Participant: 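Got a structure for you, questions after.
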Number of protein chains: 2
Amino acid sequence: MDPLTSRQTEILDFIRRQIAEQGLPPTRAEIVNAFGFRSLTAADDHLRALARKGAIELRPGASRGIRLLDEPTLAAAANDEDSLPLVGKVAAGVPITAIEQIESWYRLDRHLFHPQPDFLLRVQGWSMRDAGILPGDLLAVQRTAIAENGQIVVARLGDEVTVKRFQRRGEQVQLLPANPDFTPIRIDLRREELAIEGRAVGLLRTGGFVLA
Amino acid sequence: MDPLTSRQTEILDFIRRQIAEQGLPPTRAEIVNAFGFRSLTAADDHLRALARKGAIELRPGASRGIRLLDEPTLAAAANDEDSLPLVGKVAAGVPITAIEQIESWYRLDRHLFHPQPDFLLRVQGWSMRDAGILPGDLLAVQRTAIAENGQIVVARLGDEVTVKRFQRRGEQVQLLPANPDFTPIRIDLRREELAIEGRAVGLLRTGGFVLA
DNA sequence: TCCAATACTGTAGAAATATACAGTGATTGA
DNA sequence: TCAATCACTGTATATTTCTACAGTATTGGA
């Protein structure tokens, strides 16, 4: 699959969410509405780009004729409400939810969480200690490419994946740790690439509590 | 769900198959085609019947606006290995896991945790903040009357239930908060009664992360 | 015996939807 | 500096799709 632009990823995420939540792929008009476009063509252009890059399949003439092509794993799991994949070691350049990245599956009803997560990620390090997120915890993450200020996000900088609180002012993004022993990460979006992989929607701690 | 006629079951199966294979619910016209009807109304009548009986949901105006209404979870939530009770407000003198105390059931495989919990308890207050236990979290608790030093326990003092780290020296017990803003609770077992309701074996945070 | 539900045919119109065409401006790699 | 891609606006139209209305025939209760 050809690499997607961030806007295209947003559109793809929206389609994915619609299918998961509404049971129906969106129409052009619904995309236009969700993103505040003023022209149907904007949505159509994005769909064609996604189809050209192999992310979706379009069925000419059919209403809502959008089909997800990539990552059968998450698509299949979207139907299987009963389990969540644990994403393991994250390799450089590869989408975090690619099939090879999945380490195991947890039997865990995703409806327990609000909003619903798409995968679990094992937390490393103490940088989010004061948000109650400790090493070894399983973070429940909802896939999204966009984040709002104050949300705890799973962000990717090159081949590094990190969990931090998101803060954006114009083109300046700060990834804030929840622990005074760590320093915030500053990113200038004009010069550096930042990919949001998802936002934290819950947490699962399966082991006992060791002495801190 | 009301009982379906055999014809209605065929239609429902067809809708299921379409969603699985095509990724899209069918239109009236597609149903007509698949079954060899000669009128759109035949398909529409069936859909209305299925909706009336609770098998599907129809969204007026939306093309392909058919949604399956399989209700798997509620029935299964009975008890066994697959679900955990959430203990609600704890009344004085009543054992914490008494049936009246149970607020709801969570569909959550207890084998996810080690060791296995017997119930969930909603955390109140910030006294265990530094152990990553925050207000609103659901603490997974294993029933036990005995505790070892260092373990996080659910303890009861009269009609108060509290979550703290357990420390015992002879007949002196300390219940230690994990937050310097709180003071340890000291109990002399020769004069006061202390009941251990269980020990923490895990944690579930189902909501998003608000700003601390 | 009448009523409601089932299972269809046939027609028509309105609303939803996809898609073509003609643009604008910015960015990017060759 | 050119061509291609990106990310859109705006208009128009054919097609798809839903939905209403008017029927026919059969079946199983109340």
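Convention: sequence-line order gives letters A, B, ...; per-chain numbering from 1. Just so we're clear, the structure is a prediction, and the values are computed from it rather than from any experiment.
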Participant: Rounded to whole angstrom units, what separation is found between the CZ atom of B:Arg28 and the C1' atom of C:dA15?
Facilitator: 13 Å
Participant: In Å, rounded to the nearest 0.5 Å, how long is the span from CD of B:Gln18 to CG of B:Asp13?
Facilitator: 12.0 Å
Participant: Over all heavy atoms of both residues, which pair between A:Gly65 and B:Leu24 is shortest? Give the atoms and the distance, please.
Facilitator: CA-CD1, 3.9 Å
Participant: Hey, what's the ring geometry for B:Phe37 with B:His46, parallel, tilted or perpendicular (30° and 60° as the breaks)?
Facilitator: parallel
Participant: What distance separates B:Arg17 CZ from B:Gln22 CD, expressed to the nearest 0.5 Å?
Facilitator: 10.5 Å
Participant: Identify all pairs in which a protein N or O lies below 3.5 Å from an N or O of nucleotides 25-30 of chain D, and state each distance.
Facilitator:
none

Participant: D:dT17 C1' sits how many Å from B:Arg59 CZ, rounded?
Facilitator: 16 Å
Participant: Is the phosphate of D:dT16 approached by A:Ser63 (side-chain N or O, under 4.0 Å from OP1 or OP2)?
Facilitator: no
Participant: Grab the CZ-P distance between B:Arg64 and C:dA15 for me, whole Å please.
Facilitator: 21 Å
Participant: Sugar-phosphate atoms are those with a prime plus P, OP1 and OP2; base atoms are the rest. Using that split, label each nucleotide of nucleotides 6-14 of chain D B, S or - for protein heavy atoms under 4.0 Å, 5' to 3'.
Facilitator: SSBBB----
Participant: Could you tell me the separation between the CD1 atom of B:Ile11 and the P atom of C:dT6, rounded to a whole number of Å?
Facilitator: 13 Å
Participant: Separation of A:Leu24 atom CG from D:dC18 atom C1', in whole Å?
Facilitator: 14 Å
Participant: Taking 4.0 angstrom as the limit, do A:Glu30 and A:Arg64 come out as a salt bridge?
Facilitator: yes
Participant: Are B:Arg48 and B:Asp45 within salt-bridge range, i.e. N to O under 4.0 Å?
Facilitator: no
Participant: Starting from P on D:dT17, measure out to CG on B:Leu58 and report it in whole angstrom.
Facilitator: 16 Å
Participant: Whole angstrom is fine here: how far is it from CZ in B:Arg48 over to P in C:dA4?
Facilitator: 18 Å
Participant: I'd like to check B:Ile31 versus B:Phe14 (side-chain heavy atoms, cut-off strictly below 4.5 Å). Are they in contact?
Facilitator: yes
Participant: Please state how far atom CG in A:Leu47 lies from atom C1' in C:dT19, giving the value in whole angstrom units.
Facilitator: 12 Å
Participant: How close do A:Pro117 and A:Val201 get, counting heavy atoms only, and between which atoms?
Facilitator: CB-CG2, 3.6 Å
Participant: Taking only Lys NZ, Arg NE, NH1 and NH2, and the carboxylate oxygens of Asp or Glu, determine whether A:Asp137 and A:Arg205 approach each other closer than 4.0 Å.
Facilitator: yes
